[in-house]
Protein chains: 2
Amino acid sequence: MGPPWWQAKFRGCGYRITIAREVILNTLAKTEDHLSAEDIYNHIHTKHPNIGLTTIYRTLDVLTNLGLVYRFDFGDKRARYELAEGPKGAHHHHHLVCTGCNRVVDYTDFIDAEVRLLQEIEQVLSKKYGFKITNHLIQFYGLCSRCQADG
Amino acid sequence: MGPPWWQAKFRGCGYRITIAREVILNTLAKTEDHLSAEDIYNHIHTKHPNIGLTTIYRTLDVLTNLGLVYRFDFGDKRARYELAEGPKGAHHHHHLVCTGCNRVVDYTDFIDAEVRLLQEIEQVLSKKYGFKITNHLIQFYGLCSRCQADG
DNA sequence: AACTTTGTTGAAAATCGTTTCCATTTGAAA
DNA sequence: TTTCAAATGGAAACGATTTTCAACAAAGTT
């Protein structure tokens with residue numbers, strides 16, 4: 001197998017491939033969670049004490065701009081990141097967010113119907129408002145069973 | 001006509017009706033824009049120099065918790081607020097956000113289809129994940145015509 | 001009317017995720 | 001290797017939002 005799948009995309013944009021970037025990307029690839037910049041820092045720090053938090057923020061910016069990573073806001077005042085689907089990346093999903101404890105559930109139910117409708121809408125909106133639509137966001141908010149119980 | 005429609009909801013929760021709250025609510029009711037806390041402060045400040053920014057933040061919290069106001073994040077690092085539909089409030093809509101200039105377009109196209117699908121999904125997700133769903137968010141992101149032109 | 005309880009307020013200070021600055025290091029093309 | 005823009009870490013700056021705290025005001029209670 002050749003070099004990691006994302007390196008091509010990297011080179012094409014004048015970006016360099018560095019250890020920090022590789023480590024950060026791998027961290028995101030290996031988790032199911034929705035990590036914040038600091039989460040990533042903590043995951044990495046033992047093995048790579050020389051990678052600073054600033055670099056993580058900068059790298060996440062780059063990755064987001066490249067479309068390799070999605071940035072989310074789940075209401076807990078910090079950005080959270082998720083690998084966009086790569087070759088064998090996670091399947092497309094949306095989020096169900098608990099407003100009580102900020103837990104996030106990924107769901108794929110109805111994804112097809114959602115995406116189908118979204119594409120239809122995108123087409124209409126593009127034309128009507130002259131937007132070039134690149135992305136969409138769907139999230140549901142509510143209370144998870146535990147938070148309902150806690151009152 | 002009786003007292004403003006929202007006062008009932010207010011009293012029922014032990015909240016008091018104050019000038020600040022009335023002014024802030026009226027400001028939101030009179031605009032088409034998506035105002036930030038500071039925007040509201042600026043709108044108000046000439047006529048009500050005694051209403052501080054802190055009060056605005058606090059009031060917006062209260063209004064959001066009461067469900068009278070929705071809080072949005074359009075990616076410009078500050079919360080923006082919009083009156084929830086009241087008696088003759090704005091009709092239900094979703095947002096189209098320009099990632100270039102952060103302009104926001106309200107659209108109502110397909111709203112019925114969107115809401116219908118969302119309700120279906122909500123029902124399934126509620127059951128499957130034990131969530132009590134209270135809210136949803138749909139947004140499209142892209143470049144407005146002006147920002148496309150600017151390259 | 002005086003008192004009490006409790007919600008509300010403004011100003012200033014604190015918080016905290018994120019960015020910026022800047023001197024130094026590093027990747028990769030020539 | 002030489003070269004040079006890109007990338008980095010640490011410290012300082014930023015900026016929206018929250019917290020603190022003492023003063024205030026609205027309803028109820030005597």
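None of these values were measured; they are calculated from a predicted model. Numbered from 1 within each chain, the chains take letters A, B, ... in sequence-line order.
- Nearest to the side chain of T59(B), among dA28(C), dT17(D), dT9(C), sits dT9(C).
- D76(A) has its CG atom 13 Å from the C1' atom of dC16(C), to the nearest Å.
- Near DNA chain D, meaning a heavy atom under 4.0 Å from it, residues 43-51 of chain A has N50(A), I51(A) in order of number.
- Rounded to an integer number of Å, the gap from R21(B) CZ to dA25(D) C1' is 12 Å.
- Residues Y81(A) and V62(B) each lie close to DNA chain C; by heavy-atom proximity, the contact nearer the 5' end of the strand is made by V62(B).
- Between R58(A) and dA6(D), a side-chain N or O to OP1/OP2 separation shorter than 4.0 Å is absent.
- With rounding to whole Å, F10(B) atom CZ is found 15 Å from dA26(D) atom P.
- A pairwise comparison of heavy atoms in D106(B) and E32(B) identifies OD2-O, 4.5 Å as the closest pair.
- Note: H94(B) and H92(B) have perpendicular aromatic rings, judged against thresholds of 30 and 60 degrees for the angle between ring planes.
- For the pair K77(A) and dT18(D), the criterion of a side-chain N or O lying under 4.0 Å from OP1 or OP2 is met.
- I56(B) has its CD1 atom 12 Å from the P atom of dT17(D), to the nearest Å.
- For D73(A) and dA16(D), the CG to C1' distance is 14 Å, given to the nearest whole Å.
- Looking at heavy-atom distances under 4.0 Å, I17(A) makes contact with sugar-phosphate atoms alone, never a base.
- No donor-acceptor contact under 3.5 angstrom links the side chains of Y15(A) and N65(A), judged on distance only.
- Between dA16(D) and R78(B), a contact under 4.0 Å exists linking OP1 or OP2 to a side-chain N or O.
- Taking side-chain N and O atoms only, Y57(B) has a distance below 4.0 Å to OP1 or OP2 of dT17(D).
- The aromatic rings of F10(B) and W6(B) lie perpendicular to each other, with more than 60° between the two planes, well past the 30° mark.
- Rounded to a whole Å, the CZ atom of R71(A) is 15 Å from the P atom of dG17(C).
- No hydrogens or angles considered: a donor-acceptor pair under 3.5 Å links the side chains of H93(B) and E82(B).
- At least one side-chain nitrogen or oxygen of T18(A) sits closer than 4.0 Å to the OP1 or OP2 atom of dT8(D).
- In this structure, Y41(A) places its OH atom 15 Å from P of dT8(D), rounding to the nearest Å.
- Distance CD (E22(B)) to C1' (dA26(D)): 15 Å, rounded to an integer number of Å.
- Remark: the D39(A) side chain and the S36(A) side chain contain an N/O donor-acceptor pair separated by less than 3.5 Å.
- The residue R11(B) sits close only to the backbone: its heavy atoms come under 4.0 Å of sugar-phosphate atoms, none of a base.
- Screening I56(A), T59(A), I40(A), I44(A) for a side chain to side chain contact (heavy atoms under 4.5 Å, CB included) with V23(A), the sole residue that qualifies is I44(A).
- A donor atom on one side chain and an acceptor atom on the other are not found under 3.5 Å apart for H95(A) and Q139(A).
- With dA12(C), dT8(C), dT17(D) as the candidates, the nucleotide lying closest to the side chain of T54(B) is dA12(C).
- Neither OP1 nor OP2 of dA27(D) sits under 4.0 Å from any side-chain N or O of R16(B).
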